[in-house]
Amino acid sequence: MLVLSALPAEADAVLCHTALDPDPVVVADRRHFYRGSIAGTRVIVAMTGIGLVNAGEATAAAFARFPRGGSDAIGAVVFSGVAGGAGRTRIADVAVPARWTLDHGETFRPVDPGMLATAERLSVALDGAIGRIDLRRRPRVVVGGDGCSWDNNNGVAFPCIPNGGDVFGCQPRTVPDRSLRYTGNFRQAAGRWLRSALISNLHLVSTSDPAFEATDMETAAAQAVADAHGVPFLGIRGITDGPGDPLHLPGFPFQFFCYKGIAATNVARVTAAFLESWPGV
């Protein structure tokens, strides 16, 4: 199972559930992959970086490095990360949409039906408080409905920032090969992104859309690559912004930075429970 996350915070939450191999690190195309197991399922954990281009390139790099027929061949893909919510989802819920769109709903790709059926049977206790903030409800897993992936990056890769923290950083903080000198895609992507996408990213747009249970910047791009390889795919997303905010913050990005921790914790918990329950390919 290839388990993808976009941000260091998301990947670290997944790695909390991962028993890494004695020699877990594989480097390919400047990207770092971590072999291990979650709930008895063999996994390759990787951080894609932010945005559609990074997600597609990272997923393609994984399939190139772990090809079909090899001992570490990828049998399925799960994207475990955070997202904006609406429709049936509220902050700290976990959404598992039945299909994803890259074009705001003009076309959709369905997820693997067997993986979705496994998600429907999950019973997972999710956190309902973060520090002194009590959501005053128990978050839930919402299976089905639609997910949407888009970004403001104008078809270029978003650059990570070396040592840039748990959102913009280039590596998860808990990996064994973490290095202060690792620059990820910064040198390759920064100049082009500044020329082509900086201005568009200054226009903040809500990531919540009532037409979708989850709205993010990566899942559907990763799914397109998995589908091209004929490999089962499922997107699992914890909700950071949207309805259900007891503080009544003014939407994205304020809600995102407030609730990303609980959303990442909850989605990783659901991902681990899914891997424990899924019978495999």
Side-chain angles (χ1 to χ4, degrees), residues 1-8 10-49 53-81 96 100 109 111-116 118-119 157 160 169-179 182 184-185 188 218-236 264 267-281:
M1 176 74 74
L2 175 64
V3 182
L4 299 171
S5 296
L7 314 176
E10 300 167 347
D12 282 326
V14 169
L15 289 165
C16 284
H17 296 272
T18 307
L20 292 174
D21 290 351
D23 184 19
V25 183
V26 176
V27 180
D29 191 27
R30 304 187 311 276
R31 300 182 180 275
H32 292 220
F33 301 90
Y34 302 95
R35 296 177 295 191
S37 61
I38 298 176
T41 297
R42 294 291 300 162
V43 297
I44 301 163
V45 178
M47 194 184 95
T48 65
V53 172
N54 283 329
E57 289 180 350
T59 309
F63 276 102
R65 178 57 183 81
F66 305 101
R68 184 168 295 176
S71 59
D72 287 333
I74 297 168
V77 181
V78 166
F79 209 111
S80 178
V96 190
W100 287 86
R109 291 177 180 268
V111 302
D112 180 73
M115 297 174 84
L116 189 69
T118 297
C160 67
C170 297
Q171 276 186 299
R173 294 181 170 187
T174 58
V175 291
D177 65 337
R178 184 167 184 262
S179 169
Y182 178 65
N185 74 339
Q188 294 78 20
E218 297 87 21
T219 303
Q223 181 186 15
V225 178
D227 287 355
H229 286 267
V231 168
F233 179 90
L234 189 70
I236 308 176
V267 72
R269 191 173 295 173
V270 172
T271 298
F274 169 81
L275 292 173
E276 186 174 14
S277 301
W278 188 55
V281 179

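For the residue pair Asp177 / Tyr34, a side-chain donor-acceptor distance below 3.5 Å is found, with atom types taken as modelled.
Taking 4.5 Å as the limit, every side-chain heavy atom of Leu234 sits out of range of all side-chain heavy atoms of Asp112. Side-chain contact between Phe274 and Val96 is absent, with no heavy atoms from C-beta onward closer than 4.5 Å. At a threshold of 4.5 Å between non-hydrogen side-chain atoms, the residues Val231 and Val225 do not count as touching. Inter-residue side-chain proximity for Glu10 and Met47 is flagged as unmet; no heavy-atom pair is nearer than 4.5 Å. With a 4.5 Å cut-off on side-chain heavy atoms, Val175 and His32 do not count as touching. The shortest distance between side-chain heavy atoms of Thr59 and His229 does not fall below 4.5 Å.
A distance-only check finds a donor-acceptor pair linking the side chain of Arg42 to the backbone of Gly36 [under 3.5 Å]. Checked by atom type and distance alone, the side chain of Gln223 never pairs as donor or acceptor with a backbone atom of Gly235 at under 3.5 Å. Under the 3.5 Å distance criterion, the side-chain polar atoms of Asp12 are matched with a main-chain donor or acceptor of Arg173.
Nearest heavy-atom pair across Arg30 and Gly184 is NE-O, 4.2 Å. The shortest non-hydrogen separation linking Ala157 to Asn185 is CB-ND2, 4.1 Å. Across all their heavy atoms, Glu218 and Ala6 have their closest contact at CD-CB, 3.5 Å. For the pair Ala222 and Phe79, the tightest heavy-atom approach, listed with the atom from each and the gap, is CB-CD1, 3.8 Å. In terms of heavy atoms, Ser80 sits closest to Ser5 at O-OG, 2.7 Å. The two residues Pro172 and Arg178 have their closest heavy-atom pair at O-CD, 3.5 Å.
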Begin with the C-alpha distance, continue with both residues' side-chain angles, and end with the deciding distance and a verdict on side-chain contact (heavy atoms from CB on, under 4.5 Å) for Phe233 and Arg109.
CA-CA 10 Å; Phe233 179 90; Arg109 291 177 180 268; over 6 Å; no
Under the criterion side-chain contact (heavy atoms from CB on, under 4.5 Å), I'd like the reasoning laid out for His17 against Thr271: C-alpha separation, chi angles, the key distance, then a yes or no.
CA-CA 9 Å; His17 296 272; Thr271 298; over 6 Å; no
